[in-house]
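Accompanying notes for the structure given below.
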Amino acid sequence: MSHHSSDRSPDPSPENDNSAPESKGVGRSLNFIEQIIEQDMRSGKFQGRVHTRFPPEPNGYLHIGHAKSICLNFGLAAKYQGQCNLRFDDTNPCKEEMEYVESIREDVRWLGFDWEDREYFASDYFEQLHDWAVQMIKAGQAYVCDLTAEQIREYRGTLTQPGRNSPYRERSVDENLDLFRRMREGEFPDGSRTLRAKAEMSHPNLNLRDPVMYRILHAHHHRTGDRWCIYPMYDFTHGQSDSIERITHSICTLEFENHRPLYDWYIETLGIYHPQQIEFARLNLTFTVMSKRKLLELVKNKIVNGWDDPRLPTLCGLRRRGYTPEAIRSFCDRIGVAKFNSTIDVTVLENSVREHLNATAPRVMAVLRPLRVVIVNYPEDRTEFMEAVNNPEDPGSGTREIPFCREVYIEQDDFREDAPKKFFRLKPGGEVRLRYAYIIKCEEVVKDPTTGDIVELRCKCDWETLGKQPEDRKVKGVIHWVSAAHATEVQVRLYDRLFTKQDPDDLAEGEDYKTYLNPDSLQVLERCQAEPSLAAAQPGQRFQFERLGYFCVDTCDSRLGAPVFNRIVSLRDTWAKIEKSTISSLS
RNA sequence: UGGCCCGUGGUGUAAUUGGCAACACACCUGACUCUGGAUCAGGCAUUCUAGGUUCAAGUCCUAGCGGGCCAGCCA
């Protein structure tokens, strides 16, 4: 058995290199889709080709669940030297808009994937789809049905009972041809007729009980305008679109499993190239919701501030929050792909950003809830410049100088009048290290006489402790600080999980998922004190505020010289855990 | 009580396809540290149940149990 010493990857990729997705871990085991692909490679099923596609419907914003699908489809293509198309599945003119098309393009590109010139729309295939429908009518495999939506439902039967044939099922080919032509020409009102496939009304799979192929919809389509008033259904579109694009592996989510027999049936009936549909489990994340309906509701009801609210699992939300594409890709990589319906712990996502940002984000000091500290033995007119490391994980990032003077701000949390046993920050009479500066001792606590609030600490610094440890005692605590005279004031937005419940959809009778909205999911902190260099921070830049977390300069609300910081994710907080566990062990 | 799909630590995903259950996250110890960060070392499983086949079963067979999806002219 060989012992693996800790070896590091030779050169970490530069922060903003977002061009090429990292290759999948070599030697890792294959997921079930890769196994199918490799089998197909061996058998020559698709002549060794791999061609996938990402097929969103442009009726909403992409979220982290879509990222799983995007990474899967584009990742598979890259891994097997194939290609991946971007295809908009736009067969329903009532719900789809160009706004969504653009946001989808942007999000896929941001994630780091390139579909080159292979951007397609199902609506581009409308003419071909129509011809195929005519072909089926001529072959006696499709008919125009005059049943209303309600009647169709009645005739369909139930899960346990077979359906009955439509009375219009035996119309002649000529009559069907004529009726379908007139449907296309706009002669009939919405919902008055449909074109249905002549399949099997007693089939145990309801999808095969004479599925609707075309419906009448006098609606303006975002791309085809008013050219059509009949629109094909998903089932009559998707497989054929895959076929036209010569897709090999058509990967979709589990709920389409029941549709695969119909997917196959249309393609066999039409006698066209046959891609293989493969289904995988969609992503679920703890402490959030992922359904389009709920995301839309949160946005529409202004429970969050738009689709790119940093608390949302949308890709634009995560982007604004400060998540990196690298982090999301590595997240998608580590959650795996399977058919089991699972829920991923959100900490896996959080950890993915921490990992990437730990390696790449420059460290700075900022005090969120300032407490003034006066170092009484420090000269009033003196300023020293302390050398600070920009990123201990990246020696090449160098150092910078931070001003230090008689008055500094520290975090309110870093001082405790009644300090618990294991608290080794500042307390009355106690000592603590100011990071990159002196060890100070708290001599006096100044309080507001009326409110009793602590307003200031008067401390003394030990001149012998700059850059070295005292020999006679151990000072374990190190806290961050900002020089009061030099600090720049910034706004900080502390984001937390949107829901307080692991699974907001796991509800008792009469409960609504919105009951579990986290009231503290956003905390806005004004007048935070940051080290001077941050006045020049540019929108989109990411930093680690030492001991606090990773923060990103907001791209919308920051002003020149007045940056607004979004908390991407906190640092792991061991102290919070200790404190929490001692509290719970007391009760 | 119809059909299809799925059950492996707390959460996910593996297991060279019948050969010592591995990896990540979470959690718990400890070491180290001028970030209570990072890092390092260690701990954490009757593979849904019951039978069966086999020298050997997470993997194969049988029965059961549990979960998901489906009755849009949505995708």
Side-chain angles (χ1 to χ4, degrees), chain A residues 6 25 28-31 35 55-57 59 89-92 94-96 145 147-149 152-154 156-163 190-196 203-207 209 211-217 231 233-235 237-238 252-261 279 281 286 292 334-352 354-355 358-359 363 365 388-389 392-393 422-425 433-437 439 465 467-469 475-480 502 544-549 570-579 581:
Chain A
S6 63
R28 225 190 55 203
S29 55
L30 304 177
N31 65 47
Q35 288 178 18
E57 182 191 9
N59 73 340
D89 215 336
D90 56 351
T91 57
N92 187 344
C94 309
K95 303 202 291 187
E96 295 148 6
C145 183
L147 254 27
T148 63
I152 285 186
R153 196 182 318 126
E154 284 162 16
R156 187 157 34 223
T158 68
L159 294 175
T160 51
Q161 292 166 336
D190 287 4
S192 59
R193 286 175 224 263
T194 56
L195 181 72
R196 299 176 68 183
H203 198 104
N205 182 335
L206 306 224
N207 291 131
R209 317 243 261 229
V212 172
M213 294 161 63
Y214 270 91
R215 73 283 216 189
I216 301 172
L217 245 30
Y231 291 92
M233 300 288 293
Y234 165 85
D235 285 309
T237 306
H238 201 89
C252 61
T253 45
L254 248 29
E255 66 270 25
F256 291 100
E257 228 162 359
N258 294 334
H259 293 249
R260 179 157 30 96
E279 311 85 15
T286 54
K292 271 180 190 174
R334 67 185 73 181
I335 57 176
V337 180
K339 298 195 73 158
F340 180 66
N341 224 311
S342 62
T343 302
I344 307 287
D345 195 321
V346 73
T347 58
V348 180
L349 213 213
E350 293 171 347
N351 189 263
S352 298
R354 284 201 188 100
E355 196 172 275
N358 177 48
R363 271 59 167 171
M365 292 202 284
V389 175
E393 302 296 316
K422 289 182 194 158
F423 183 86
F424 46 80
R425 278 113 94 150
R433 156 83 61 186
L434 292 179
R435 170 139 241 231
Y436 299 123
I439 287 174
T465 56
K468 51 178 180 270
Q469 290 300 359
V475 176
K476 195 168 161 75
V478 178
I479 65 174
H480 61 279
Q502 276 228 7
Q544 184 198 100
F545 289 1
E546 290 215 29
R547 302 210 309 131
L548 296 174
S570 67
L571 248 32
R572 279 210 186 87
D573 193 347
T574 310
W575 166 242
K577 255 178 226 163
I578 292 169
E579 203 170 29
S581 71

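Numbers restart at 1 for each chain; the letters A, B, ... are given by sequence-line order, proteins then strands. Given the structure is predicted, the values throughout are model-derived calculations rather than measurements.
- You'll find a donor-acceptor pair under 3.5 Å spanning the side chain of A:E393 and the base of B:rG37, going by distance alone.
- Aromatic stacking of A:W575 on B:rG36: satisfied, with centres closer than 5.5 Å and planes within an angle under 30 degrees.
- Here the side chain of A:N31 is nearest to one of B:rU35, B:rG2, B:rA14, namely B:rA14.
- Base pairing analysis places B:rA15 opposite nothing; no Watson-Crick or G-U wobble pair with both distances below 3.5 Å involves it.
- Among B:rG37, B:rA71, B:rC34, the nucleotide with an atom closest to any side-chain atom of A:T158 is B:rA71.
- Nucleotides B:rU1 and B:rA15 place their P atoms 33 Å apart, quoted to the nearest Å.
- Taking atom P on both nucleotides, B:rC20 is separated from B:rG3 by 38 Å, rounded to a whole Å.
- Of the side-chain N and O atoms in A:R153, one or more sit less than 4.0 angstrom from OP1 or OP2 of B:rG72.
- Judged by distance alone with a 3.5 Å cut-off, a donor-acceptor contact links the side chain of A:N258 to the base of B:rC69.
- Annotation: B:rG7 and B:rU59 have their C1' atoms spaced 14 Å apart (nearest Å).
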How far apart are the C-alpha atoms of A:N92 and A:Y234, what are their side-chain angles, what is the distance that settles it, and do they pass the side-chain contact (heavy atoms from CB on, under 4.5 Å) test?
CA-CA 9 Å; A:N92 187 344; A:Y234 165 85; over 6 Å; no
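- Pairing for B:rG51 is with B:rC61, a Watson-Crick or G-U wobble pair whose two hydrogen-bonding atom distances lie under 3.5 Å.
- Distance, A:Y436 OH to B:rU35 C1': 8 Å, rounded to whole Å.
- Look at A:R209 and you won't find any side-chain N or O under 4.0 angstrom from OP1 or OP2 of B:rC70.
- Contact check, A:T91 against B:rA75: a side-chain N or O comes under 4.0 Å of OP1 or OP2.
- In B:rG66 the O4'-C1'-N dihedral to the base is more than 90° from 0, which defines an anti nucleotide.
- Nucleotides B:rC48 and B:rU8 have their P atoms positioned 6 Å apart, rounded to a whole Å.
- If you measure from atom CD of A:Q35 to atom P of B:rU17, you get 11 Å, rounded to the nearest angstrom.
- Listed pair A:R363 / B:rG37 fails the phosphate criterion, with no side-chain N or O lying under 4.0 Å from OP1 or OP2.
- Between the side chain of A:Q544 and the base of B:rU35, a donor-acceptor pair under 3.5 Å is found.
- Atom pair A:Q502:CD and B:rU11:P shows a separation of 9 Å (rounding to whole Å applied).
- Regarding A:K339, its NZ atom lies at a distance of 14 Å from the C1' atom of B:rG7, rounded to whole Å.
- Separating the P atom of B:rG58 from that of B:rA21 is a span of 8 Å, rounded to the nearest Å.
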Test side-chain contact (heavy atoms from CB on, under 4.5 Å) on A:T194 and A:M233; report intermediate values, then the result.
CA-CA 10 Å; A:T194 56; A:M233 300 288 293; over 6 Å; no
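- Pairing partner, B:rC73: none, since no Watson-Crick or wobble contact has both distances short of 3.5 Å.
- Nearest heavy-atom pair across A:R433 and A:G467 is NH1-N, 4.2 Å.
- For A:L159, whose side chain is taken as the heavy atoms from C-beta onward, the closest listed nucleotide among B:rG72, B:rA75, B:rC70 is B:rC70.
- Across the protein-nucleic acid pair, A:L217 atom CG and B:rA75 atom C1' stand 14 Å apart, rounded to whole Å.
- When the C1' atom is compared between B:rG72 and B:rG12, the two are found 33 Å apart, to the nearest whole Å.
- With a 3.5 Å ceiling on both atom-pair distances, B:rG9 lacks any Watson-Crick or G-U wobble partner.
- Distance from the side chain of A:A338 is smallest to B:rU13 among B:rC34, B:rU13, B:rA75.
- Taking the P atom of each, B:rC23 and B:rU35 are spaced 30 Å apart, rounded to whole Å.
- The pairing partner recorded for B:rC27 is B:rG43, the criterion being a Watson-Crick or G-U wobble arrangement whose two distances lie under 3.5 angstrom.
- Looking only at distances, a side-chain donor or acceptor of A:Y436 sits under 3.5 Å from a matching main-chain atom of A:V389.
- Nearest nucleotide to the side chain of A:K422, out of B:rA38, B:rG36, B:rG12: B:rG36.
- Atom CG in A:N341 sits about 13 Å away from atom C1' in B:rG12, given to the nearest Å.
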In 5'-to-3' order, the base (B), backbone-only (S) or no-contact (-) status of each nucleotide in nucleotides 22-33 of chain B, using a 4.0 angstrom heavy-atom cut-off, is ---SSSS----B
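- Between the CD atom of A:E57 and the P atom of B:rA75 there is a distance of 6 Å, given to the nearest Å.
- Spacing of C1' atoms, B:rG37 relative to B:rU49, comes out at 46 Å, to the nearest Å.
- Taking side-chain N and O atoms only, A:R260 has no distance below 4.0 Å to OP1 or OP2 of B:rC70.
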With side-chain contact (heavy atoms from CB on, under 4.5 Å) as the criterion, how do A:L571 and A:E546 come out once you've worked through the C-alpha distance, each side chain's angles and the decisive distance to 0.1 Å?
CA-CA 9 Å; A:L571 248 32; A:E546 290 215 29; over 6 Å; no
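- Listed candidates were B:rA75, B:rA14, B:rG37. Nearest to the side chain of A:T574 is B:rG37.
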